[in-house]
Each structure stands twice: as structure tokens, then as C-alpha cells.
Participant: 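Questions regarding the structure given below will be posed in turn.
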2 protein chains.
Amino acid sequence: MRKQDEQIPGVPTLQDVAKAAGVSTATVSRCLNAPSVVSEKTRVRVMEAVKTLGYAPNFSAQALAAKRTNTFGAIVPTMANAIFARGLQAFQEELQKSNITMLVASSSYRPELEEEQIRALVARGADALLLIGHDRSDDIYKFLERRGIPYVVAWVHDDGQSHVSIGFDNKLAMQSLTRAVLDLGHRRLGYITAQRIGNDRAQARYGGLSDALSESGLSIDDVALEETDYSIKSGADAFDRILKRQPDTTVVMCGNDVLAAGALQKARSLGLQVPKDVSITGFDDIDIAEIVSPALTTIHVPHRNMGRGAASMLIEMSRDGTRPKSRELPAHIEWRGTLGPSPDQM
Amino acid sequence: MRKQDEQIPGVPTLQDVAKAAGVSTATVSRCLNAPSVVSEKTRVRVMEAVKTLGYAPNFSAQALAAKRTNTFGAIVPTMANAIFARGLQAFQEELQKSNITMLVASSSYRPELEEEQIRALVARGADALLLIGHDRSDDIYKFLERRGIPYVVAWVHDDGQSHVSIGFDNKLAMQSLTRAVLDLGHRRLGYITAQRIGNDRAQARYGGLSDALSESGLSIDDVALEETDYSIKSGADAFDRILKRQPDTTVVMCGNDVLAAGALQKARSLGLQVPKDVSITGFDDIDIAEIVSPALTTIHVPHRNMGRGAASMLIEMSRDGTRPKSRELPAHIEWRGTLGPSPDQM
DNA sequence: AAAATTATTGCAAGCGCTTACATTCACTGT
DNA sequence: ACAGTGAATGTAAGCGCTTGCAATAATTTT
């Protein structure tokens with residue numbers, strides 16, 4: 001009984017709105033994207049049509065036509081714990097102010113997967129990318145270069161690197177923490193690190209440990225080293241192994257808070273008092289650092305500032321095509337309860 | 001010096017590949033999407049061209065043409081803590097098996113924001129959606145219905161609801177935990193809940209508490225209730241207020257582990273022994289439940305099964321257009337260290 | 001060997017939107 | 001009254017891909 005050849009409603013398109021408002025699709029498009037150039041009168045009429053039809057632009061079509069998505073991507077190594085959560089949150093908040101959407105992907109600390117994710121985000125039209133750490137294949141950098149996709153490398157600062165970055169000096173931070181540890185009289189150390197290969201943060205932190213030891217005439221070879229994957233359980237197991245190998249260990253330093261939380265848990269279950277019998281240190285200062293007891297002495301990392309800064313740098317790069325200077329942010333020791341003087345001292 | 005009118009390389013398109021391989025764009029497309037239908041010989045030739053040109057399909061164009069994205073969306077209330085992390089991980093892993101990408105958005109427990117996120121994901125072409133909890137405006141359900149977008153509601157199971165869902169009975173779980181608490185002799189209770197408005201999980205859990213009390217002839221009005229937002233700090237503050245108002249409280253039950261972790265922290269800083277002086281219970285069994293000390297007695301929730309199940313249901317719905325039955329999964333009390341007999345008993 | 005199938009490929013019409021360019025309109029100044 | 005403006009709108013050409021259909025090639029059947 002329909003008079004015209006109207007279809008079953010379906011999803012409204014720009015066309016439909018244009019027809020309903022009695023204007024061309026171009027005008028509708030302008031109403032939505034550059035309202036100032038359309039006359040008040042038509043704008044009102046169009047907006048009304050938009051509302052009554054419940055029109056919403058098709059993102060893919062928009063991206064295809066405009067070659068711009070107002071979407072930035074972020075690839076982080078993990079979302080399983082809070083390490084990058086706060087930073088991403090800040091990144092996202094900052095983007096939001098400029099009406100940019102964030103897309104996140106997680107690489108599970110796997111380089112091939114990261115590469116895949118980067119390509120996927122680019123294929124999805126990400127206008128710019130946030131990457132964690134420098135360490136990745138040259139191919140992927142070339143790929144981004146070629147596509148003209150701005151990116152910034154975050155969570156690290158290393159003068160030797162040429163990529164635009166925002167972060168802190170992982171090595172220096174661990175070095176200063178190690179000095180503090182040594183100052184407290186510790187000489188029998190254990191160190192639990194996350195997988196270092198493909199992870200420049202872990203490498204740098206290890207380097208900081210090593211350098212601080214050298215400064216004091218000690219050798220990295222004398223510390224009980226455990227390299228393990230990223231989980232509380234792994235931290236606990238590693239701690240156990242260290243104490244077995246080197247029962248007189250007075251401090252176990254950890255490459256991150258997750259491992260440290262595991263170590264702490266194990267220490268307690270072994271009946272050791274922290275820090276009276278053994279000290280433990282973390283790195284990152286994520287939320288669990290505060291809720292374990294005693295609370296973790298760790299390196300406080302400028303999560304939110306990195307996220308926010310990365311966002312504003314990317315926005316600028318994407319908008320103006322410029323290349324901002326890398327930024328180094330401070331990190332500092334957060335003194336809490338798990339690091340005390342070496343028991344040998346007493 | 002260029003002979004032909006070749007452009008500056010730019011991003012390779014299907015066209016380019018087609019030309020390089022000496023076939024039509026249709027054939028290239030088929031090579032990529034339905035390899036079995038093109039001959040071995042041409043397939044090899046095309047794939048070679050793809051490789052040498054470094055071609056990658058433009059997602060937007062693909063979505064626009066195919067009206068399908070192989071992308072499912074998930075909107076969770078928060079990504080700041082681990083509550084949904086494990087579930088999402090499992091969801092994602094399951095999708096991956098079918099070559100489907102997951103897009104996540106977080107609503108920060110704000111209904112308007114959630115609605116916005118849902119529309120954004122749909123505009124981005126999500127083929128199906130994972131939602132948390134039933135509680136949202138009817139408009140949004142109509143919107144999804146109209147667009148023909150399959151969705152499943154997870155983390156809840158409620159026979160009264162008509163949406164396809166996968167989850168556990170939040171009310172029953174809290175009810176059983178409360179019974180256990182009462183069985184241990186507790187009579188002076190405190191309860192810390194997250195904001196209940198717009199959060200059916202929080203409401204159901206509260207309902208479970210209330211019902212269990214009624215069973216024993218007690219009244220919900222006698223428990224010291226604190227409603228607060230979602231953070232460790234808030235949990236700690238709420239615990240403090242409860243103990244001030246009702247100093248003889250013997251157990252503080254919490255609507256989730258995050259609040260419980262805060263409560264526990266505060267209890268300790270108040271010099272209270274848990275569970276000797278006061279018991280504390282959580283809900284969710286996320287990772288922090290195990291690392292606090294004593295470890296939290298809580299409700300273990302089938303995170304991974306929900307995620308995995310939701311994925312397979314959505315895949316089926318999207319593929320076959322069917323409407324699977326809702327699934328109820330079990331949740332159980334995870335006995336650890338923070339719940340003990342009421343001190344009154346002694 | 002011709003006819004009938006079946007396996008491969010190409011053609012070309014969109015998908016829904018943006019935007020350069022052309023056109024129309026409403027005023028101005030002269 | 002008319003050329004000269006600038007503002008508002010319309011026209012239409014893509015953006016890069018998929019896919020129904022038609023055309024062709026290869027294989028089988030009779």
C-alpha cells in the first residue's frame with residue numbers, strides 16, 4: 001500500500017536526511033562537520049531531520065571519504081594489570097578534549113603480535129599511534145614513516161634514540177634505587193626481572209642495577225638473577241628460587257611491582273618478616289603497591305603525565321605535521337615499608 | 001625520468017596489486033577473502049604482488065563495501081581495575097579463534113557515556129556487542145534491535161530478564177555468603193556497596209544480603225550501610241565511617257574486592273586484627289584478593305567462562321542469526337583468610 | 001568432436017560519505 | 001538598473017573495496 005518506492009526503513013543515511021530536509025547531501029554533511037558555513041535556517045531544518053530519523057554517520061564511509069578518522073591508537077604490552085591503566089586513562093582524557101577517540105590494543109609482550117596490532121590499527125585508520133618502548137623492528141618504523149603516521153614512544157627516555165618520545169629514564173631510576181639499597185648496607189642481592197628480550201624498560205632497569213653495583217665496586221654477577229614472566233605467581237616462584245640458591249639474601253629487588261607483590265607474598269608465606277629479615281623493592285608504583293602490607297617501596301613513575309603528554313604531542317604532530325622534542329619526566333623513589341637496613345648491619 | 005605516469009608510491013591499494021599481478025581487482029579481493037575459489041596459479045602470483053607491494057586492505061573501505069567488519073565490541077563499566085580484565089581477555093581469545101577483532105570501550109559506570117560508547121561502536125561497524133548488566137535505557141535496546149546488532153548481557157543472570165545473557169546469580173551468591181557470615185555468629189554487620197543506581201549487580205548483591213538477613217529474622221535496616229564509589233580509598237573511608245558509627249561491628253561485607261581491599265587496609269591501619277577483631281568479605285575474586293593479607297574471603301566469579309561463553313554466543317548469533325538461550329554459570333564462596341567467627345562467640 | 005558442465009575470471013555497480021568546483025542568490029555600490 | 005561581491009547551496013567525482021552477474025576457459029560427458 002505504500003505510494004512511493006520507499007524501502008523498509010533500515011539505517012538512515014545522509015541521503016535520507018538530505019531528502020527529508022529538502023537539501024543536498026553536501027549541505028547535510030556541512031551541517032554536521034562545519035556548521036558555521038551553513039545558514040541558520042537550513043541548519044535548523046537539517047538538524048531536525050537528523051534527530052527525527054535518528055541519523056548517525058557511518059564511520060567507515062566517513063573515514064574512507066575524508067581520509068581521517070579522529071582516532072588515535074595505543075598499543076600496550078598488557079592490559080592484565082594496572083601498569084598502563086592510569087597512563088592510558090590520562091591519554092584518553094586528553095584526546096577526548098580534542099574529540100579524538102582512543103583505540104587500544106594489547107600485544108601481550110609479544111613483538112610479532114605487536115606488529116600485527118600496529119598494522120591493524122593503521123588499517124583501521126588510526127591517525128596517530130602511542131607506542132610503549134623503543135624496542136621493535138625497523139620495518140615497522142619504516143612502515144609508519146611511509147604511511148605518514150605520527151607516533152610517540154612512551155614510558156622511556158633514552159637520549160640515544162631518535163624517535164619522538166616521552167618518558168623517564170628507567171636506567172637512572174633503578175640505579176638510584178639500587179644506590180639506596182646499597183646505602184642501607186645490603187650486599188647479598190637478588191633481582192627478579194621480567195623477560196628482557198624485546199623489552200627495553202626491563203633491560204634499562206637491569207642496566208641501572210648493574211651500573212650502581214659497579215659504582216660500589218660490586219659485580220652484577222654476584223646477584224641472584226631470576227628472569228620470569230609477568231605475574232604475581234611468577235614473582236613468588238622466583239623469590240623462592242632465589243632464597244633457595246642464596247639463603248643469606250638480604251634484599252630482593254624486582255623489575256616491577258607485580259613481581260614484587262608476588263615476592264612479598266612468598267616471603268610472608270615462608271615466614272620471613274619484611275623488611276626485618278629481607279627487603280623487597282618494586283618498580284612502577286601501581287595501585288597494588290599500596291595495598292600489600294607492608295606497602296611496597298618502589299619507583300614512582302609519572303603515569304598520568306606520560307599519558308597526557310603523549311596525547312598532546314600526538315595531537316600536535318597530527319595537526320601541524322611538526323615533530324616535537326622528546327620529553328623526559330622525573331621518576332623518584334617512593335619510600336614505603338618493604339625496604340629497610342640489611343640485617344647484617346645489626 | 002619516469003616513463004609512465006606512475007605516481008609517488010603512496011599506500012598500495014587493491015588496484016595496484018591487481019595491476020601488478022595482471023588480474024582484476026575482483027580476483028585480488030577473492031584471493032584475500034576466499035582463496036579457495038581462485039586457481040592456485042593466480043593465487044600465488046597475486047600473493048606475491050601483495051607481499052612485494054606491502055599491501056594491506058583498507059579497513060574502512062572493506063567495511064563499507066562488505067557491510068561487515070569482523071569486529072565485536074565490548075563496553076565495560078571500568079578498565080581501571082581488574083574486575084573485567086580476565087573476562088575480556090577470555091572473550092578476546094575466543095573471538096580471535098574466529099578471526100574477529102575486539103574493540104573495548106569503558107563507560108566509567110556512567111549510563112550516558114555507555115550509551116554514547118554503544119553508538120560509537122555501532123557506528124564503527126561492530127557486528128555484535130558485549131554488554132555488562134541489564135540495566136540500561138530501553139531506547140538503547142531498541143536502537144540495537146533496529147540495527148539488527150546481536151548483543152549479549154554478561155556478568156548477570158536474572159530469570160526476569162528477556163535479553164540473551166550469560167552470567168551468575170549475583171543475588172544468590174551474596175545471599176549464600178551472608179548465610180555463611182551469619183552462621184559464624186556475626187550479628188553486627190556493616191556493608192559497603194558501590195553506587196547501586198544503574199548497576200544491577202550492586203543492587204542484586206544488596207538484595208541477596210537483605211534476603212539472607214530476613215531468613216534469619218534479622219533486618220537489613222540494622223546493618224551499617226555505606227554506598228560509595230569504586231576505589232580502594234573509598235573502601236577504606238567507608239570502613240572507617242562504619243566503625244565510627246557502630247564500633248561493635250564484627251564483620252564488614254563489601255560489594256566487591258576493591259572496596260574490600262580498602263576496608264582491609266584501613267582495618268589494619270586502625271590496629272584491628274582481621275579476622276580476629278573484625279571480619280571482611282569481598283566479591284569478584286580478582287587478583288588483589290589473593291595478594292592482600294590475610295587474603296580475602298570472597299565470591300569467586302567465573303570470569304573466564306563468562307568471557308568465553310559470551311564470545312561463542314555472539315559468534316553464533318552473528319553467523320546464524322539465531323538467539324541462543326541465556327546461560328547461568330555457578331559462582332561460589334572462596335574461603336581465604338578474612339572471614340572468621342564473630343568475636344562475640346568467644 | 002560437439003555439447004554440457006564446472007571452474008576461473010572480469011565487469012561494473014554500488015557501499016555512505018566528503019569536498020573541489022560550479023552555480024545560484026541576495027545584496028552593494030555606482 | 002547593473003555589474004560586482006560574498007555567502008549559501010548544489011553537482012558530481014571519487015575514497016578502496018566487495019560481489020552479483022556475465023563472460024570465458026577448462027574439463028567432462030555423451
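The figures here come from the full heavy-atom set of this structure, side chains too, leaving out hydrogens, waters and symmetry mates. Everything quoted here is computed from the prediction, not taken from an experiment. Below, read A as the first sequence line, B as the second, and so on, with proteins coming before strands; counting in each chain starts at 1.
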Participant: List the protein contact pattern of nucleotides 13-19 of chain C with one symbol per nucleotide (5' to 3'): B for base contact, S for sugar-phosphate-only contact, - for none; contact means a heavy-atom distance under 4.0 Å.
Facilitator: -BBBBBB
Participant: Under 4.0 Å between a side-chain N/O of A/T42 and OP1 or OP2 of D/dT9, yes or no?
Facilitator: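 Result: yes.
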Participant: In whole angstroms, how far is the C1' atom of C/dA7 from the NZ atom of B/K41?
Facilitator: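 Going from B/K41 (NZ) to C/dA7 (C1'), I get 13 Å.
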Participant: In whole angstrom, what separates B/K19's NZ from C/dG10's P?
Facilitator: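 Distance, rounded to whole Å: 15 Å.
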Participant: Could you tell me whether A/E114 and A/R136 have a side-chain N and a carboxylate O separated by less than 4.0 Å?
Facilitator: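 Salt bridge present between A/E114 and A/R136.
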Participant: Can you find a side-chain donor-acceptor pair between A/S60 and B/R124 that sits under 3.5 Å?
Facilitator: no
Participant: Do B/R119 and B/E115 meet the salt-bridge criterion of a basic N to acidic O distance under 4.0 Å?
Facilitator: yes
Participant: Take the angle between the ring planes of A/Y151 and A/Y141 and call it parallel below 30°, perpendicular above 60°, tilted in between.
Facilitator: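 Rings of A/Y151 and A/Y141: tilted, as their planes differ by 30° to 60°.
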Participant: Please check if the side chain of B/T69 supplies one atom and the backbone of B/T71 the other of a donor-acceptor pair under 3.5 Å.
Facilitator: yes
